[in-house]
Undergrad: 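Pasting in a structure now, in C-alpha cells, and then I'll have a few things to ask.
Throughout, a chain's letter reflects where its sequence line sits, starting with A, and its residues are numbered from 1.
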Protein chains: 2
Amino acid sequence: MAKAKRVLKWQRDPEGMRIRILEAAKQEFSAHGLAGARVDRIAANAGANKRMLYYHVGNKEDLYLEVLEGAYEQIRAEERGLDLEHLDPPKAIERLIDFTWNYFLRNPEFLALLNTENLAKARHLKRSTKVKSMHSPFVEMIRTVVNRGVESGDFRVAVDPVQLYISIAGLCFFYLSNSATLSVIFGRDLLKKEARDERLAHMVALVLAALTGKSTADFGKAKPTGLRAAAHQAV
Amino acid sequence: MAKAKRVLKWQRDPEGMRIRILEAAKQEFSAHGLAGARVDRIAANAGANKRMLYYHVGNKEDLYLEVLEGAYEQIRAEERGLDLEHLDPPKAIERLIDFTWNYFLRNPEFLALLNTENLAKARHLKRSTKVKSMHSPFVEMIRTVVNRGVESGDFRVAVDPVQLYISIAGLCFFYLSNSATLSVIFGRDLLKKEARDERLAHMVALVLAALTGKSTADFGKAKPTGLRAAAHQAV
DNA sequence: CGAGAAATTAACTCGTTAGATAAATACTGT
DNA sequence: ACAGTATTTATCTAACGAGTTAATTTCTCG
C-alpha cells in the first residue's frame, strides 16, 4: 500500500517527438508562411515544449528547411510509384495529369510551401543538396511516352518533355493554389466537387487535344452546368 | 543679411506622400508577404515617417488591402486596353497569351501579392467590394473570340472561356511565380531570355494546337538549345 | 500677417517572439 | 540500485515591431 506505483510525469519518445514536431511545423509553415509561422504554436500543436524544437531540429529556419525537404521527398516517392510505361500514350498522359491534380488536391500544404519558398527566391532550396539530388522521374517518363506516342501515330508532334511537365503542373497548380482568390473573383466555389471534376476534364482535354490533334467530348462540349454560368471574371 | 530666407525643414505633399507610401508598401508586401513585411521598412523606403502610414492610409492590413486593390486596378486597366475583336481568332488567342505572359513578367509583384493573398485564403479580398466589382473583360473577350473561331472554322471546338482563361493564366503564372524553385530543381535559369522565349512559344503552340487541331512549328520542333538539355527534373 | 488646420517629425509603449539557461525527470548499462 | 546521459519541462531575456502620443512645422485663408 505504501508501495504505490511510481507515476511518470512524462515519457521519452525522441523519434515520435521529432515526427510530431515536423508535422506540426508543416501545418504551421503552410498555413502562415515562413515569417508568419510561430514557433510557440508549432510546439503547442506538437504537444511539445518549445525547447524540443531546438533540441531535435534546430532553429526556425532549420525547421522550415527540413519540412520543405520532407515535402519534396514525399512527392518524389509517390511519383516513382506511377507506372506510365505500360499504358498507351494518351492514357499515360491522362494518368499523369490525374496524378498531379490529385496529389496537389490531397497535399495543399505542398503548394503553400512552394509558394513560400518562391517568395524567398528559393533561398533555402539552394542550400539543400538533399533536394537538388532528388530527381523527379516524370521528365524521363514524359519523354518516353511522347516518343512512343509519336512513333505509334497517337501524337502528331514531339514536344519538349520539360515544357510539357511544367505546363501540366501549372494547369493544376494555379487553379488549386489560387482557388481562394479565383473563387472570390468568379463569385463561386472552385473547390466544390463539380468544379473540380470540370477542371480536371478540361485539362486532360486541352493537353490531349494539343498532342493528338483530336478533340475529345469534354473539351468540345459546352456544359450547361459549371463555371460557364459565372460569365464575368478573371485572375 | 539678417533677413536670411527661411529654410524649410520639410514640405507638405500629401498626394505624393500617399503614392510613395503605397509604392513602397507594394514592394515590401510583394517581397516579404504580409507577415514578413515591416512597417518601418515601408516608411523608410517611402522616405516617410512611420506615423505617416497611419495618417494617410491606416494600419498594416489596411495598407496591404489598398496595395492589393491597386494591383487589381492596374491589371484590369491594361486588360481593357487589349483589343482582340478585330484580330482573327488564332491571332487573338496568341495576343492574349502574349499579353498575359508579359504582364506577369513586367509585374512580378502582382504574382507575389496574389500568392500572399491566397496564403491568407483571400481573407482580405473577400472584404473588398472594390475588387469584386472590377470585372475582367477577358472572359467575355475569350467567349467572343472562341465563338468567332468556331464559326470561321479556325477552331474545331467550343471551349469554356473561364477554363481557357484560367489555363492561360496558369501556364504563365506557374512558370514565373515558381521560377526560383524550378530553376534550382532543373539546375538552370528559367528567366534568361532564351528560356523565356522558348516558354512563350510552347504555351502559344500548346493552346493553339488544342484549339485549331493544327500543330505549329514551335510546338513540334524539338529545339537543340533550351530546356531539353536539362533532362532531369520536376516541380 | 496671424490663427487655425493639415501634415509631418520625434520619441515612447507595450505585447510578442525567437531563442537561451537551468533544473528536473526518465532511461540505460553496469 | 546507481551513476551517467538523454530527454523534457519551466522560466527567463533581449530584441523587435506595430501602433500611439505629443510636439513641431508648414500651409491656407480671412
Undergrad: State whether A/E15 and A/R18 are salt-bridged, where the test is any N-O pair (Lys NZ or Arg NE/NH1/NH2 against Asp/Glu carboxylate O) under 4.0 Å.
TA: no
Undergrad: Rounded to whole angstroms, how far apart are OH on A/Y55 and P on C/dA23?
TA: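 Nearest whole value for this atom pair: 18 Å.
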Undergrad: Verify the contact: side-chain N or O of B/H56 to OP1 or OP2 of C/dA6, cut-off strictly under 4.0 Å; return yes or no.
TA: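 Indeed not, no polar side-chain atom of B/H56 lies that close.
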Undergrad: Of the options D/dT9, D/dT25, D/dC27, whose atoms approach the side-chain atoms of B/L8 most closely?
TA: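 Nearest listed nucleotide: D/dC27.
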Undergrad: With distance as the sole criterion, do the side chain of B/K50 and the base of D/dA18 form a donor-acceptor contact below 3.5 Å?
TA: yes
Undergrad: Answer yes or no: is there an ion pair linking B/R143 with B/E140, defined by an N-O contact shorter than 4.0 Å?
TA: yes
Undergrad: Return whichever of B/K9 or B/G58 has its heavy-atom-nearest nucleotide of DNA chain D closer to the 5' end.
TA: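 Upstream on the strand: B/G58.
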Undergrad: Can you check the B/H32 NE2 to D/dA18 P distance for me, whole Å?
TA: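 From B/H32 NE2 to D/dA18 P: 12 Å.
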Undergrad: Identify whether any heavy atom of A/A43 sits under 4.0 Å from a base atom; if not, whether one sits that close to sugar-phosphate; answer base, sugar-phosphate or nothing.
TA: nothing
Undergrad: Atom CD of B/E61 to atom P of D/dG17: distance rounded to whole Å?
TA: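 Spelled out: CD on B/E61 to P on D/dG17 is 17 Å.
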Undergrad: Find the distance B/K60:NZ to C/dT16:P and express it as a whole number of Å.
TA: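 After rounding, the reported distance stands at 15 Å.
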Undergrad: Kindly point out which of C/dT8, C/dA18, C/dA26 is positioned nearest to the side chain of B/D13?
TA: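 The answer is C/dT8.
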Undergrad: Measure from the side chain of A/D40, starting at C-beta and using heavy atoms only, and say which of C/dT8, C/dT17, C/dA26 lies closest.
TA: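 In terms of side-chain proximity for A/D40, the closest of C/dT8, C/dT17, C/dA26 is C/dT17.
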Undergrad: For the residue pair A/E117 and B/N178, confirm or rule out a side-chain donor-acceptor distance under 3.5 Å.
TA: no
Undergrad: Could you tell me whether the side chains of A/S167 and B/R199 share a donor-acceptor contact shorter than 3.5 Å?
TA: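 Yes, B/R199 and A/S167 have a side-chain donor paired with an acceptor closer than 3.5 Å.
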Undergrad: Check this for me: does the side-chain of A/R51 come within 3.5 Å of the base of C/dT21 through a donor and an acceptor?
TA: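 Pair found.
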Undergrad: Given atom CD of A/Q11 and atom C1' of D/dT9, what is their separation to the nearest angstrom?
TA: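 After rounding, the gap between these two atoms is 15 Å.
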Undergrad: Calculate the interatomic distance between B/E15 atom CD and C/dT8 atom C1'; express it in whole Å.
TA: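 Whole-Å distance recorded here is 15 Å.
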Undergrad: Quick one: B/L63 CG to D/dA18 C1', roughly how many Å, whole number?
TA: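 Checked: the CG to C1' distance equals 12 Å.
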Undergrad: What I want to check is whether an N or O donor and acceptor connect the side chain of B/N49 with the base of C/dA10 at under 3.5 Å.
TA: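 Pair found.
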Undergrad: Of the listed nucleotides (D/dG19, C/dA26, C/dT8), which one gets closest to any side-chain atom of B/M52?
TA: C/dT8
Undergrad: Tell me the interatomic distance from A/R38, atom CZ, to D/dC16, atom P, rounded to whole angstroms.
TA: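 In whole Å, D/dC16 P and A/R38 CZ are 15 Å from each other.
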Undergrad: Which residue is it: B/F104, B/F174, B/F173? I am looking for the one with a ring-ring contact (aromatic ring centres under 6.0 Å, His included) to A/F174.
TA: B/F173
Undergrad: If you check every side-chain atom of B/Y54, which of D/dT20, D/dT9, D/dT5 has the closest atom?
TA: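 For the B/Y54 side chain, the nearest candidate turns out to be D/dT20.
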Undergrad: Using heavy atoms to find the nearest nucleotide of DNA chain D for B/A35 and B/R12 separately, return the residue whose nucleotide is more 5′.
TA: B/A35
